2 protein chains.
Amino acid sequence: MTTDETPVLRIGALAKRTGLSVRTLRHYDELGLLEPAERTFAGHRLYSSAEVRRLYRIVALRRLGLGLAEIAALLDRDDADPLSVVREHVAELERRIRLEQELRDRLERIAAALDRMHEPSVTDYLDAIEGMTMIERHYTPEQLDYLARRRTEVGEEAIREVEDEWPRLYAEMRAEMQRGAGVTEPRVQELAARMRELVGMFHGGDEGSSRP
Amino acid sequence: MTTDETPVLRIGALAKRTGLSVRTLRHYDELGLLEPAERTFAGHRLYSSAEVRRLYRIVALRRLGLGLAEIAALLDRDDADPLSVVREHVAELERRIRLEQELRDRLERIAAALDRMHEPSVTDYLDAIEGMTMIERHYTPEQLDYLARRRTEVGEEAIREVEDEWPRLYAEMRAEMQRGAGVTEPRVQELAARMRELVGMFHGGDEGSSRP
DNA sequence: GGTAGACCCTCACGTAGCGTCAGGTTCAAG
DNA sequence: CTTGAACCTGACGCTACGTGAGGGTCTACC
């Protein structure tokens with residue numbers, strides 16, 4: 001694997017190197033979530049560094065509790081911002097570590113009590129179970145807010161883009177028409193296409209990614 | 001909830017207190033894994049402290065990666081040793097914490113590189129993914145050994161039981177036959193049944209609990 | 001005592017994310 | 001060339017619940 005995009009890992013090698021299963025990687029390919037860079041003549045999958053980078057993000061988001069469909073939607077929107085996934089992942093790890101340390105301490109107290117032939121209180125056990133479910137609860141309210149805000153910001157960016165650009169496009173279009181340019185003129189076509197693009201950002205932009 | 005076995009938690013209360021779902025608790029009841037202490041006249045489930053203690057062990061063993069059937073088998077065998085589950089659980093938490101700290105450190109380096117507009121190496125990403133799968137790998141070799149040793153010890157107990165009892169059974173059987181007793185005699189039938197039981201411990205004892 | 005909403009029951013269909021297997025082709029080392 | 005490992009596609013199956021339907025119970029309040 002070189003630092004450019006030369007494909008060098010077959011599916012088995014990638015699976016072994018990452019600890020994932022071949023079945024998992026094929027599953028992701030089937031879903032269009034992680035497609036190989038190319039295939040050999042025989043149909044073998046070849047993965048390059050871009051796929052590895054994307055795979056990191058997939059697995060990290062899985063660990064954050066997102067379903068595969070959600071991950072696909074998110075990655076297709078966010079492919080320019082790899083840093084945000086890493087940041088979230090770090091935050092999640094720190095949360096887990098903290099909760100696990102608390103739970104471990106709690107369990108050590110339970111173990112000490114059992115060692116002394118004292119039955120721990122029921123509350124101890126209930127707290128321990130609750131600690132376990134807290135650890136496995138993937139989204140804190142803060143994280144959900146963050147993701148929701150992210151979606152909103154993308155929406156807001158689109159709105160601002162349209163607001164900034166539309167008057168300029170309109171003014172240029174008007175200038176062209178006052179100059180007597182026809183609708184087949186390349187510049188007019190260009191302006192019209194961009195205007196259609198901006199309009200399309202509003203109608204095709206929201207995919208409704210609520211989790212069942 | 002008092003310190004004796006008075007049932008006081010209904011299923012919703014137990015679910016809320018532990019962070020588990022009502023559905024999960026019902027599911028465990030259906031499986032006979034965690035049965036309520038009693039039911040009200042209306043059929044509501046009532047859980048006491050004994051159930052809470054058992055539930056702790058169930059959830060802990062789930063976190064260790066055992067399936068529910070395996071947990072049932074293990075708990076039915078080990079109901080006298082709650083301390084071992086706590087111990088294993090502590091060990092698993094410490095393992096996870098250690099791996100998560102390593103992964104967090106690794107990710108922070110990746111984030112720093114991305115911050116500086118440097119693309120991290122592919123090896124960094126591969127290592128990160130591997131770190132994630134290591135964390136989720138439930139059984140360390142030591143734990144597998146421990147569980148295997150546990151099963152072996154149970155097996156050895158069965159062997160000893162047969163070795164101790166068989167000669168006595170055989171001697172009694174011989175005495176009965178030298179007395180002229182027929183095979184239909186109750187005592188002879190009893191002895192034969194016990195001998196069949198002991199033999200069956202060898203052939204029916206191993207459930208092949210390998211995990212796919 | 002009556003009411004209303006939260007909580008409980010059983011039953012049962014459905015699912016996400018793979019695991020496993022079958023049957024066959026390709027690749028790489030000896 | 002041979003052989004065994006690695007790869008392909010296709011497809012059935014699984015675990016541990018989630019969800020909804022339809023109905024009864026419990027508890028607090030009027």
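Heavy-atom basis, side chains included; hydrogens, waters and symmetry copies ignored. Model, not experiment: these values are computed from the prediction. Residue numbers begin at 1 in each chain, while the letters A, B, ... track the order of the sequences.
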Does a nitrogen or oxygen in the side chain of B/R10 sit under 4.0 Å from OP1 or OP2 of C/dC7? no
Below 4.0 Å: OP1/OP2 of D/dA16 and any side-chain N or O of B/Y28: no
What is the distance, rounded to the nearest whole Å, between atom CG of B/D29 and atom P of D/dA16? 16 Å
Pair listing, salt bridge (charged side-chain N to carboxylate O under 4.0 Å, His left out) test, anchored in residues 111-120 of chain A, at least two apart: A/D115-B/R87, A/E119-B/R53
List in chain and number order the residues that pass side chain to side chain donor-acceptor pair (under 3.5 Å) with B/S121, two or more places apart in sequence or in another chain; answer none if no residue qualifies. B/D124
Integer-rounded Å distance: D/dC7 P and A/Y47 OH: 10 Å
Sub-4.0 Å heavy-atom contacts from residues 16-25 of chain A onto DNA chain D, ordered by number: A/R23
Between atom CG in A/L14 and atom P in D/dC7, what is the gap in whole Å? 10 Å
Length of the CG-P vector between A/L34 and C/dC18, whole Å: 12 Å
Nearest-Å distance for atom pair CD1/P, residues B/I11 and D/dC26: 15 Å
Steps toward salt bridge (charged side-chain N to carboxylate O under 4.0 Å, His left out) verdict (A/R54, A/D29): CA-CA 12 Å; A/R54 188 172 165 98; A/D29 183 14; over 6 Å; no
A/R98: which residues meet the side chain to side chain donor-acceptor pair (under 3.5 Å) condition with it, sequence neighbours left out? none
Starting from C1' on C/dG17, measure out to CD on A/E30 and report it in whole angstrom. 11 Å
For B/R106, all residues meeting side chain to side chain contact (heavy atoms under 4.5 Å, CB included), sequence neighbours excluded: B/R109, B/D127, B/A128
Taking only side-chain nitrogens and oxygens of B/R26, does any of them come within less than 4.0 Å of OP1 or OP2 of C/dA12? no
Remember a base hit wins even if backbone is also touched, and classify A/H27 as base, sugar-phosphate or nothing at under 4.0 Å, heavy atoms. base
Atom pair distance, as rounded to whole Å: CD1 in A/I58 and C1' in C/dC18: 15 Å
Look at the side chain of B/A42 and decide which nucleotide, out of C/dC9, D/dC26, C/dC18, has an atom nearest to it. D/dC26
Between B/E30 and B/R23 (salt bridge meaning N to carboxylate O under 4.0 Å), is one present in this structure? yes
Between P of D/dC7 and NE2 of A/H44, the distance in whole Å: 7 Å
Qualifying ring pair (Phe, Tyr, Trp, His ring centres under 6.0 Å) pairs, either residue in residues 86-130 of chain A, two or more places apart: A/Y56-A/H89, A/Y125-B/Y56
